[in-house]
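Note: hydrogens, waters and symmetry copies are ignored here, and every other heavy atom, side chains too, is used. Letters A, B, ... mirror the listed sequences (proteins, then strands); counts begin at 1.
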Protein chains: 2
Amino acid sequence: MTVVKDKLEADKLLKVAEILKTIAHPVRLKIIEVLSDEKRTVSELMEATAIEQSLISHHLIKMKDKGVLSSYREGKNVYYQLVDDHITKIFDCMEGCSFI
Amino acid sequence: MTVVKDKLEADKLLKVAEILKTIAHPVRLKIIEVLSDEKRTVSELMEATAIEQSLISHHLIKMKDKGVLSSYREGKNVYYQLVDDHITKIFDCMEGCSFI
DNA sequence: TTGATATATAAATAAATTAACATATGTTTG
DNA sequence: CAAACATATGTTAATTTATTTATATATCAA
């Protein structure tokens, strides 16, 4: 059996839990998946996810708040992007699990 | 920028979200961390997490329901263990992220 | 400057999660 | 078989999160 190398401190567990909670939603995972390719505008994300404007905005802002995404405006559009690509590894990680 | 290899189907995103939601809690992460070493009884997990009997039982049963843990009885004790060690990779994955 | 387009915000509600407490069940031991 | 121990279950309350609808703000183009 593999042992987790270093035990995570309680506060780090909290932080990890917070991030996981932030992304533990099918739409948010889809957003991450789409953004793994490259940055997208809100409109593009709406189309990619088939989620209406206000709701996707809520999702995006929450993910931004929690540090997973960042955004910048360019004219009428706002682009969202992953703060750290590393997060996409979570798909590999999960897919490796027998129960998925 | 790294691209996620294969796009996950909608139903797989749902499944992944379900699992992430299941473990996105500091106590549950701690349980996974402890079990990464080896199987433990409920009592041992209570001690390791400092969580009271009923509450930890609820956590354990939820994780078992979702397929993350399995359990078996041995006398008065019930042992819980990880169904798939692979799940512990999530710690590495998260620790690699700049926002953690 | 007005209208159109893109996005954000606010408020209300619905739904899900977590925690706490009380009680029940299963197993061993005397 | 009764008491003790380990764990599970049921119920409710508290809290958090997700969704919807309506409205506001920002930017561009005519």
Is any NZ, NE, NH1 or NH2 atom of the basic residue among A/K21 and A/E18 found under 4.0 Å from an Asp or Glu carboxylate oxygen of the other?
no

N/O (side chain, B/H58) to phosphate O (OP1/OP2, D/dT7) under 4.0 Å
no

Contact residues, residues 41-54 of chain A to DNA chain D [heavy atom, < 4.0 Å]:
A/E52, A/S54

Provide, to the nearest angstrom, the distance between the CG atom belonging to A/L60 and the C1' atom belonging to D/dA18.
14 Å

Which whole-number value in Å describes the distance from B/M63 CE to C/dT17 P?
15 Å

So if you build clusters from Ile, Leu, Val, Met, Phe, Trp, Tyr with side-chain heavy-atom gaps below 4.5 Å, do B/M46 and B/Y79 land together?
no

Atom-to-atom span, CD1 of B/I56 to P of C/dT18 - whole angstrom:
14 Å

Protein-nucleotide distance (B/E74, atom CD; D/dA6, atom C1'), rounded to Å
14 Å

Without decimals, in angstroms, what is the distance between A/K64 NZ and C/dA8 C1'?
11 Å

Short question: side chain of A/T49, backbone of A/L45 - any donor-acceptor pair under 3.5 Å?
yes

When the distance from NZ of B/K76 to C1' of D/dA6 is rounded to whole Å, what number comes out?
7 Å

Would you please confirm or rule out a distance under 4.0 Å between OP1 or OP2 of D/dT7 and any side-chain N or O of B/N77?
yes

DNA chain D-proximal residues of residues 14-28 of chain A, any heavy atom under 4.0 Å
A/K21, A/H25, A/R28

Polar contact flag, side-chain donor to acceptor under 3.5 angstrom, B/S71-B/K64:
yes

Find the distance B/L55:CG to C/dA19:P and express it as a whole number of Å.
5 Å

Phosphate-side-chain proximity, A/Y80 and C/dA8, N/O vs OP1/OP2 below 4.0 Å
yes

Select one nucleotide: of D/dT7, D/dA26, C/dT9, the one nearest the side-chain heavy atoms of A/I61.
C/dT9

Determine whether B/I31 and B/I23 satisfy the following criterion, side-chain contact (heavy atoms from CB on, under 4.5 Å), listing intermediate values before the conclusion.
CA-CA 9 Å; B/I31 288 170; B/I23 67 175; over 6 Å; no

Around A/E52, counting heavy atoms of other residues, nucleotides and ligands shown, do more than 12 lie under 6.0 Å from its CD?
yes

Shortest non-hydrogen contact from A/E33 toward A/S36:
O-OG, 2.6 Å

Between OH of A/Y72 and P of C/dT7 the distance, given in whole Å, is 12 Å

Could you please spell out the steps behind the salt bridge (charged side-chain N to carboxylate O under 4.0 Å, His left out) verdict for B/K12 and B/E9?
CA-CA 5 Å; B/K12 214 151 202 187; B/E9 310 295 339; over 6 Å; no

More 5' along DNA chain D: A/K62 or A/G75, using each one's nearest nucleotide?
A/K62

Validation row: B/Y80, B/M63 side chains within 4.5 angstrom (heavy atoms):
no

Does A/H59 make a side-chain N or O approach to OP1 or OP2 of D/dT17 shorter than 4.0 Å?
no

